[in-house]
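Both counts, for ligands and for their atoms, begin at 1 and track the order of listing. As a basis for the values below, the full set of heavy atoms in this structure was taken, side chains included, without hydrogen atoms, waters or symmetry mates.
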Amino acid sequence: MPGIVIVGAQWGDEGKGKITDLLAEHGDAVVRFQGGNNAGHTIVRDGEEWKLHLIPSGILYPGKRCVIGNGVVIDPKVLIDELDALRARRIDVSGLRISANAHLIMPYHLLLDSAGEAKLGKLQIGTTRRGIGPCYADKAARLGIRVQDLLDEKILKKKIVAAMEPKRLSLRPFEKDPTLDLHTMTEEYLVYGHRLEQHIADTSKLLWELLEDGQKVIFEGAQGAMLDIDHGTYPFVTSSNPLSGAACVGTGVGPKAIDEIWGISKAYTTRVGAGPFPSELHDEMGETIRKRGGEFGTTTGRPRRTGWLDLVALRYAARLNTLTALVLTKLDVLSGLDRVGVCTSYRGAEGAEFDDFPYHQTVLHHTTAQLTELKGWQEDLGECRTLSDLPDGAREYVQFIEEHAGTPVALIGVGPGREQVIWTDAGLDSIIGPGEGARATV
Ligand code: IMP
């Protein structure tokens, strides 16, 4: 620290919320830098469950700065509902700051997302239908509505008209939809502006000041490397960059502010939506992992596709992000298995073996996972707090991953509670500093 980035190293849903929540305890500010309410974080604290979609996980700590950066796309209705729900549970939300440059999800983005998917039929991506793609498309087309526009009625109206004009044809089927009425929409968004005004700020400057002051800032990513619009399994990706590099552009700080980059990976793999997934399990084992891991989407409730841990993809994510450490979540889910599979390479349609992620999508689509089977373990891991508490099979599994991913494991999740983790020396050194805190012994 001072600047630590937390990113998903798979296809999202790796448990980043819990890890951000843990690190937030040692940090001064938490900032989101991309994505929108397509993300969903579940945090369990003192037996209470919190579900957040837009607001950074640090909000649960009194006095921490929480920031929604310029790279995020914001559905203001969702944000306000989330603020109200937190307030109703007596959480102080006054420390939240929202970038004036962040783009807004508009009613037509939601309609276009669903219509776009319907049109694709069998080729659909399986988006969360939250309007994310159409909003980022407008941003790139320079037709976006930004948070700051909420504070200027004339500009807001003008920009909405300009943004809707080129969409007239695709919006024709929704002509009668009341949310598309210009007057209603402008009024609705002006009200959102009033509600959010106290939180709107120049967040790039705010973060610069915090970092200059030596404060610890946690950059919280959404989704995961394999859903990256440039480096993921395009077109079956999200519309932003969930990679560490985006933490800078998505918040307005330079790369030198970043000291640590932690990649979060489950001990197995999941994916929601369509697209290639070489280590997917279509059998009983896949169902077992889904049930034991509670693998149903926080945002959409969809059952997640499940499979063995994919080390080819993990190595790729480690490289794309320059990970300094790996966090392995949900290791406890694999307890009770005689053998645990792990994908160490891919085999292409013509028999070629791939240790590295294939750059060509057609090749990737036809690969099959080459599995190594490791000894399993029967014991429940919920009470393990050091590496030496882990049964042999679990410890050997962690070591195998560390070696093959080429990245040290900092933290291991062994249950849903925030105390159910194992800190390794590598993790303690980078967060608390060498020589301090309890040391885990292997
Ligand atoms: P979109 O981000 O809603 O446009 O969806 C694009 C793809 O990203 C779909 O396959 C979604 O299922 C996936 N996706 C988006 N957000 C998340 C997430 O937070 N976790 C996992 N998958 C996600």
Does any pair with a residue in residues 62-78 pass side chain to side chain donor-acceptor pair (under 3.5 Å), and if so which ones, sequence neighbours excluded?
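Every pair satisfying side chain to side chain donor-acceptor pair (under 3.5 Å) with a residue in residues 62-78: Lys77-Asp81.
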So is Val237 polar-close to ligand 1, meaning N/O to N/O under 3.5 Å?
no
Judged by modelled atom types alone, do [X] and [Y] share a side-chain donor-acceptor pair under 3.5 Å?
X      : Y      : value
Asp177 : Thr179 : yes
His103 : Asp138 : no
Asp310 : Tyr346 : yes

Check [X] against ligand 1 and report side chain, backbone, both or neither, counting heavy atoms closer than 4.0 Å.
X      : result
Phe236 : neither
Thr127 : both
Gln10  : neither

Atom 23 (C) of ligand 1: which protein heavy atom is closest, and how many Å away?
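Ranked first by proximity to atom 23 (C) of ligand 1 is Leu227 CD1, 3.6 Å.
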Is atom CD of Glu284 surrounded by more than 12 heavy atoms (other residues, nucleotides or ligands) closer than 6.0 Å?
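Open.
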Is the closest heavy atom of Arg130 to ligand 1 under 4.0 Å?
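The answer is no: ligand 1 sits nowhere under 4.0 Å from a heavy atom of Arg130.
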Look at ligand 1 and say whether Arg302 reaches it with a heavy atom at a distance under 4.0 Å.
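The answer is yes, since Arg302 has a heavy atom less than 4.0 Å from ligand 1.
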Considering Gly12, Gly126, Gly273 one by one, which has a heavy atom nearer to atom 11 (C) of ligand 1 than any of the others?
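Considering heavy atoms of Gly12, Gly126, Gly273, the nearest to atom 11 (C) of ligand 1 sits in Gly126.
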Within 45° of the axis and under 6.0 Å from the centre of the six-membered ring of Trp50, does NZ or CZ of Arg89 qualify?
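Here Arg89 passes the 6.0 Å and 45° test against Trp50.
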Ligand-side contact atoms (ligand 1) for residue partner Trp11, heavy atom cut-off under 4.0 Å
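Near Trp11, the atoms of ligand 1 are 21 (C), 22 (N).
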